[in-house]
Amino acid sequence: MSGRKSNRSGRSANRGSEISNEEWIEVLQTFYRRRHRQKIVGWCLVGLAGVIALQHFLRHVDTIDVMPFLSIGLQDVVIGYPMAGVMLFIAVFLLGQSDEPPRRAEVRHR
C-alpha cells in the first residue's frame with residue numbers, strides 16, 4: 001500500500017502528506033508574524049484616520065489651516081471623505097481577520 005492508510009470513512013489518507021513538526025512551527029510563526037503586521041498596520045490606519053478627522057474638525061472651526069490654497073468644500077470632497085473611507089475600509093479588513101491559525105491538516109507541502 002505504499003504510504004497509504006485507509007481511515008474510518010473508507011477514504012485513503014496519504015501518510016506522506018503530513019508536514020513535520022519543524023515545518024508546522026514555521027507555518028505557525030509565519031502566520032502569527034503576518035497577523036501581527038496586519039494588526040499594526042490596521043491600528044496605524046485607525047490612528048491616522050483619527051488625526052485626519054481632528055485636522056478636519058480644527059479646519060472647520062477655523063483653528064488651523066494646513067492647506068489654505070484649497071477651499072473647505074474641496075478639501076472635504078477630494079481629501080477628507082475618500083481618504084477616511086479608504087483608511088476605514090482597510091483598517092476594518094485588517095483588524096477583522098481571524099486570529100486562529102490554519103489547522104495542521106490544511107497545510108500542504110510547498
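Heavy-atom basis, side chains included; hydrogens, waters and symmetry copies ignored.
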| request: Measure from the side-chain N and O atoms of Glu23 to the backbone N and O of Ser20, and report whether any donor-acceptor pair falls under 3.5 Å. | output: yes

| So, for Ala91 and Gly42, which heavy atoms are closest and what is the spacing to 0.1 Å? | CB-O, 3.7 Å

| task | State plainly whether one hydrophobic cluster holds both Val86 and Leu48, where clusters connect Ile, Leu, Val, Met, Phe, Trp and Tyr through side-chain heavy atoms under 4.5 angstrom apart. | result | yes

| message | Measuring only between side-chain heavy atoms, which start at C-beta, is Lys39 closer than 4.5 Å to Leu94? | response | no

| field | Rounded distance (nearest 0.5 Å) linking atom NE2 of His36 with atom CZ of Phe31 | value | 13.5 Å

| request: State yes or no: do Val41 and Val46 share one hydrophobic cluster built from I, L, V, M, F, W and Y residues joined by side-chain heavy-atom distances below 4.5 Å, directly or via other members? | output: no

| message | Which Ile, Leu, Val, Met, Phe, Trp or Tyr residues join Leu88 in one cluster when any pair of side-chain heavy atoms under 4.5 Å counts as a link? | response | Val92

| task | Decide whether Leu28 and Ile19 are clustered together by the hydrophobic rule: side chain heavy atoms of Ile, Leu, Val, Met, Phe, Trp, Tyr closer than 4.5 Å, transitively. | result | yes

| Where is the tightest heavy-atom contact between Leu95 and Trp43, given as atom of each residue plus distance? | CD2-NE1, 3.5 Å

| query | Do side-chain atoms of Arg35 reach the backbone of Gln97 as a donor and acceptor pair under 3.5 angstrom? | reply | yes

